[in-house]
Amino acid sequence: MELDIDIGNSFLKWRCRDGADLVARGQVATQSLAGSLFSELSGFALNKVRIGSVASADVDTEVARQLKDGFAIEPVFARTQAHGAGVVNSYAEPERMGVDRWLAMVAAYQVSGGACCVVDCGSAITVDWVSAQGVHQGGYIIPGLNLMQDALFNRTAKVKRRDAVVTAIEPGINTESAVQNGAAYVLAALGERVARECEVNGARLFICGGDGALFAELIEHVECLQPDLVLDGLQWVCEG
Ligand SMILES: Nc1ncnc2c1ncn2[C@@H]1O[C@H](COP(=O)(O)OP(=O)(O)OP(=O)(O)O)[C@@H](O)[C@H]1O
Ligand SMILES: CC(C)(CO)[C@@H](O)C(=O)NCCC(=O)O
Ligand SMILES: [K+]
């Protein structure tokens, strides 16, 4: 059985498979990893554990410790490459690129076999462009929906966080809805631009991340949702 783990700044996501069959999956806040992370898997024999992490070294150490104690296995940590699985990185210092971006790009290119764009709507929103030849054209790193709102709550005197409202795209009629819908509006505008550029460039769009479903709905491209893109990339980057 193989366990794949994607550790982001907000959440750790994991998926355990036996061949092509899904055994179990889960998600836990990155801030609260103490305790037992993979209790559903206790008693199972894990043959392989692959991790892609953009969290702190302390977080990685804690996850590795739990895997060693619970399953007597050493995980393989994926690293961002200069090139691999048909994709060439644009960074002069590839190790500085978040491995989640690299994993998602590699998985997207493996699926599309042509030009593609990955939008990962997590703690941060990242947009990455890959050419038909697999060359990374570059990307964008943008504060995610929560971070956009936190910036306002933390850096203004009168915009205060109160109860969250249901996110919608309409102009807000109080502070809460103006802030929350403002973030959704930015996301929708970004999405419209990305979708247009995908059409012009003949690039296939891939959407993932905690706010990926919202993003896909806002731009009416739910067929582009690939929630496991980062996890999917692990098999290529750890074995390619
Ligand atoms: N139940 C939820 N609780 C908290 N955030 C949520 C929830 N559902 C969706 N989100 C959104 O999902 C985002 C986190 O998504 P995701 O798990 O993909 O991020 P991450 O991989 O941890 O982040 P990153 O890779 O950018 O460090 C949050 O910023 C928030 O906007
Ligand atoms: C941008 C995030 C936080 C998105 O998860 C992650 O990919 C990261 O920490 N990247 C490092 C900086 C970079 O990718 O250039
Ligand atoms: K992520």
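From a predicted model like this one, the values you see are computed outputs, not experimental measurements. Read the numbers this way: they start at 1 and go in the same order the structure lists the ligands and their atoms.
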Which atoms of ligand 1 sit under 4.0 Å from any heavy atom of Asn9?
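This gives 20 (P), 22 (O), 23 (O), 24 (P), 27 (O) as the contact atoms.
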Ligand-side contact atoms (ligand 1) for residue partner Gly209, heavy atom cut-off under 4.0 Å:
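Per the distance check, 18 (O).
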Using modelled atom types and a 3.5 Å cut-off, is there a donor and acceptor pairing between side-chain atoms of Thr80 and backbone atoms of Met97?
yes
Are any side-chain N or O atoms of Glu74 and backbone N or O atoms of Val49, one a donor and one an acceptor, separated by less than 3.5 Å?
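Not a single qualifying donor-acceptor pair exists.
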Return the closest protein heavy atom for [atom] as residue, atom name and distance.
| atom | answer |
| --- | --- |
| atom 21 (O) of ligand 1 | Lys13 NZ, 2.7 Å |
| atom 31 (O) of ligand 1 | Asp211 OD2, 2.4 Å |
| atom 6 (C) of ligand 1 | Phe11 CE1, 4.0 Å |
| atom 6 (C) of ligand 2 | Asp100 OD1, 3.5 Å |
| atom 29 (O) of ligand 1 | Asn146 ND2, 3.5 Å |
| atom 8 (N) of ligand 1 | Gly210 O, 4.4 Å |
| atom 24 (P) of ligand 1 | Ser123 OG, 3.6 Å |

Counting only heavy atoms, which portion of Asp100 has something under 4.0 Å from ligand 1: side chain, backbone, both, or neither?
side chain
Below a 4.0 angstrom heavy-atom separation, can you tell me which part of Gln27, side chain or backbone, both or neither, approaches ligand 1?
neither
Under a 4.0 angstrom heavy-atom cut-off, which atoms of ligand 2 come close to [X]?
| X | result |
| --- | --- |
| Asn9 | 3 (C) |
| Arg96 | 11 (C), 12 (C), 13 (C), 14 (O), 15 (O) |
| Tyr91 | 13 (C), 14 (O), 15 (O) |

Non-hydrogen atoms of Gly144 versus ligand 1: any pair closer than 4.0 Å?
no
Parallel, tilted or perpendicular: which describes the rings of Tyr91 and His136, with under 30° parallel and over 60° perpendicular?
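Tilted, since the angle between the ring planes falls between 30° and 60°.
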Sub-4.0 Å protein heavy atom near atom 1 (N) of ligand 1
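Flag for atom 1 (N) of ligand 1 set to false, no protein heavy atom closer than 4.0 Å.
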Return yes or no for this condition: an N or O of Gly98 is under 3.5 Å from an N or O of ligand 2.
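Yes, at least one N or O pair falls under 3.5 Å.
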Would you say Thr126 has any N or O atom under 3.5 Å from an N or O of ligand 2, going by distance alone?
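No.
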Which atom, counting only N, O or S, brings Asp100 closest to the K ion (ligand 3)?
OD2
